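We name chains A, B, ... by the order of the sequence lines, and we start the count at 1 in each one. Everything quoted here is computed from the prediction, not taken from an experiment.
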2 protein chains.
Amino acid sequence: MVTIRDVGKHAGVSVATVSRYLNDKGYVSEETKNVLKKSIQELGYKPNQMARSLSTKKTNIIGLLVPDITNPFFPELAKAVEETAFSNGYTVVLCNSSEQQEKEKHYIQSLQQNYAAGLIVTTNYTEAEYYRHIKLPIVALDRRLDPTIPTVTTNNVEGAKMAINYLLDQGCKHILCIRGPQGIGVAEDRMKGFLEVVNNAQDIQVETITSPFEFTEAEQKAFNILNAFPTIDGVFAASDASAIGAMKAAQSLGRKIPDDIQIVGFDGISLGALVTPELTTVAQDIYHLGKVATELLLKKIKEEPIDNHLIELPTELVIRRSTK
Amino acid sequence: MVTIRDVGKHAGVSVATVSRYLNDKGYVSEETKNVLKKSIQELGYKPNQMARSLSTKKTNIIGLLVPDITNPFFPELAKAVEETAFSNGYTVVLCNSSEQQEKEKHYIQSLQQNYAAGLIVTTNYTEAEYYRHIKLPIVALDRRLDPTIPTVTTNNVEGAKMAINYLLDQGCKHILCIRGPQGIGVAEDRMKGFLEVVNNAQDIQVETITSPFEFTEAEQKAFNILNAFPTIDGVFAASDASAIGAMKAAQSLGRKIPDDIQIVGFDGISLGALVTPELTTVAQDIYHLGKVATELLLKKIKEEPIDNHLIELPTELVIRRSTK
DNA sequence: GTTACATGTGTAATCGTTTACACATAATAT
DNA sequence: ATATTATGTGTAAACGATTACACATGTAAC
């Protein structure tokens, strides 16, 4: 392996100078720079990251903490994070908490231990308090952890309003709301938007159930309630996953979509375009979400000033076949 | 930060002894072991991985090279790899090649550079030759890279035979085969199985198209060919993604599934259960695939003997609603 | 002409491990 | 009784970077 010492020898300077050149720190004459450039090229020198990290206590590793990579929202996010990180010279460690708080903490522990550069968090199950005391640069993605932690999310309140307004415009009178879990920021926001519209509307009947952002449970619960209320003619789900669950439930009850019942989801996962009928949804630009979050984290890592601690990206109502 | 030196001082021994204790190498008396255990506990000592790696030229990082994490096959795999790695004290770096060979090579380069412990490869676009010269322990997953590289895959030939036999049993007479890309091992194998059965069957008409393991292109191509051949009554797709593409194409042409046309996919991604009608498929146990591959890699890393360089896991025909 | 500061470079300590080697002592073999 | 081997431990040199500090020299200020 070629070391910085070899480069120094080859170029006829000391290691300090080489290091200064490499890190663009301190003074190095133009002449020396040229010589070094050549030497490094000729020797094919690549700095040893381990040695670097040992000395600086910093790596180029970013942790991406997700609850379940299998949930279709996260691969899209992961892709954005990976690509953004990669093009900035960072590497992404996949931390799949498998919804276990202990595993999540273990990862955080280990990332700090190993001098990770920063952390992007998309999980919910750990108290915000815990995060406040982490020394690592952190960005919360699609989750609100703590006011002190920069957050990138979509405008969930507005998105929900758009969705429900649309359902009302389409003539829905009896609406099922599949809300997300209690206490989770985005779920609360979507619920808030939903309620704001519904509470000001006339002659609307509403049913509400709670489900995690996932298929099976939503399908089950939706089945029961759709069965109990044959007049339900619209569904607003706080996630596409739940919406698709509801869709299957409706179909297995013989309800025609969108004729008997119209469904709007929330998220904009690409799966929405693959189900039949294709899902109308409040789409977030998931890739953009991940990209912005990563860029924000990079800023924090480089200790650049952050002007905006809460970035809310706009949503878009994508109308497909699950509504009229 | 507590260092090995602190532990040594606290326990009244030298760093060498502590190191020997930590790594279970060389002689350490029972008595000393107990003292050290206590000291480490009391001081809350955690070894510094950077320093370790610098010295040993080894990390506990495993690279997972995927072409596109957004393709639903890979998150399921990634989860298995992550969980298996995690429970063995390893960390997974997500290397999303985005189908670019250059990025793939860059990752391999960087993983070697950074003393990664090993590498799991699920990509295709780089010549096997290239991989043969990598010093890192490698396992190929669902891909055949090189005879010298241990490979975990499913029994694709048998799986394809099962699928196509089933279609014939169901009475299909005019079959569309959506094969995977040329030159890719698993695609060839599935094709081989398909042909073996079809060539021995009577009175069967066959159309074949090629599509990557992905939705859109398959949908497009399937649309054209289904449109051209109204008598096609069965589809065998070499991936669930293509199958779902074909499903959408058939539906938009007004063909009823499974009455007018029956569809069988291949892979067993969980998405298959979410589309309507639910997809009949040759299921691989993707999680198991990932787990076995990771365990195999771990064996290679620890330089344990590997008895089987080609592990072929069985497939299972999961019959759902897209066939009669 | 002295002082101050900017520019350019080198020496050596440091980061926190691992490990070769040396050196004990005790147990066993011959 | 001596040689050999097993057991237990410590010293100090790696691993390959960064960086504080020292030391030049050149230039500008007064």
Report yes if a side-chain nitrogen or oxygen of [X] is closer than 4.0 Å to either non-bridging phosphate oxygen (OP1 or OP2) of [N]; otherwise report no.
| X | N | result |
| --- | --- | --- |
| B:K57 | D:dG16 | yes |
| B:S19 | C:dT18 | yes |
| B:N23 | C:dT18 | yes |
| A:K25 | D:dT19 | yes |

Starting from [atom2] on [N], measure out to [atom1] on [X] and report it in whole angstrom.
| X | N | atom1 | atom2 | result |
| --- | --- | --- | --- | --- |
| B:N114 | D:dC15 | CG | P | 18 Å |
| A:R52 | D:dG16 | CZ | C1' | 11 Å |
| A:L54 | D:dT19 | CG | P | 12 Å |
| B:I4 | C:dT14 | CD1 | P | 18 Å |
| B:D6 | C:dG16 | CG | P | 9 Å |
| B:L22 | C:dT17 | CG | P | 8 Å |
| B:Y115 | D:dA17 | OH | P | 8 Å |
| A:D24 | D:dT19 | CG | C1' | 16 Å |

Expected string for nucleotides 5-12 of chain D under the B/S/- scheme (protein heavy atoms, under 4.0 Å, primed atoms plus P, OP1, OP2 as sugar-phosphate) is -SBBBBBB
Classify B:M50 by what it touches in the nucleic acid, base, sugar-phosphate, or nothing, heavy-atom distance under 4.0 Å. nothing
Touch class at under 4.0 angstrom, heavy-atom based, for B:T3 against every strand present: sugar-phosphate
Would you be so kind as to tabulate the donor-acceptor pairs closer than 3.5 Å made by side chains of residues 287-297 of chain A, with sequence neighbours excluded?
unit_1	atom_1	unit_2	atom_2	d
A:Y287	OH	A:E83	OE1	2.3
A:T294	OG1	A:G290	O	2.7

Not counting sequence neighbours, which residues clear side chain to side chain donor-acceptor pair (under 3.5 Å) with B:S29? List them please. B:T32
Check side chain to side chain donor-acceptor pair (under 3.5 Å) between B:R132 and all other residues, then give those that pass, not counting sequence neighbours. B:D146
With a 6.0 Å cut-off (strictly less than), is the heavy-atom count around NZ of B:K25, excluding the residue itself, greater than 12? no
Under the side chain to side chain contact (heavy atoms under 4.5 Å, CB included) test, which residues partner [X], sequence neighbours left out?
| X | value |
| --- | --- |
| B:E303 | none |
| B:S270 | B:E76 |
| B:I134 | B:I108, B:Q112, B:Y130, B:Y131, B:L136, B:I138 |

Can you pull out the residues from residues 35-47 of chain B that lie within a 4.0 Å heavy-atom distance of DNA chain D? none
Students should find that the end-to-end axis angle of the helix from C:dG1-D:dC30 to C:dT30-D:dA1, with five pairs defining each axis and rounding to 10 degrees, is 40°
Can you list everything that forms a ring pair (Phe, Tyr, Trp, His ring centres under 6.0 Å) with A:Y107? Sequence neighbours excluded, please. B:F86
Partners passing salt bridge (Lys or Arg N to Asp or Glu O under 4.0 Å) against A:K58 (at least two apart in sequence or in another chain): none
Could you give all pairs that pass the side chain to side chain donor-acceptor pair (under 3.5 Å) test and reach residues 45-55 of chain A, with sequence neighbours left out? A:N23-A:R52, A:N48-B:Y115
Test B:K33 against B:E30 for salt bridge (charged side-chain N to carboxylate O under 4.0 Å, His left out), laying out the working first. CA-CA 5 Å; B:K33 278 185 186 169; B:E30 278 309 313; 3.6 Å; yes
Test item: A:L77 and A:L64 side chains (from C-beta on) under 4.5 Å apart, heavy atoms: no
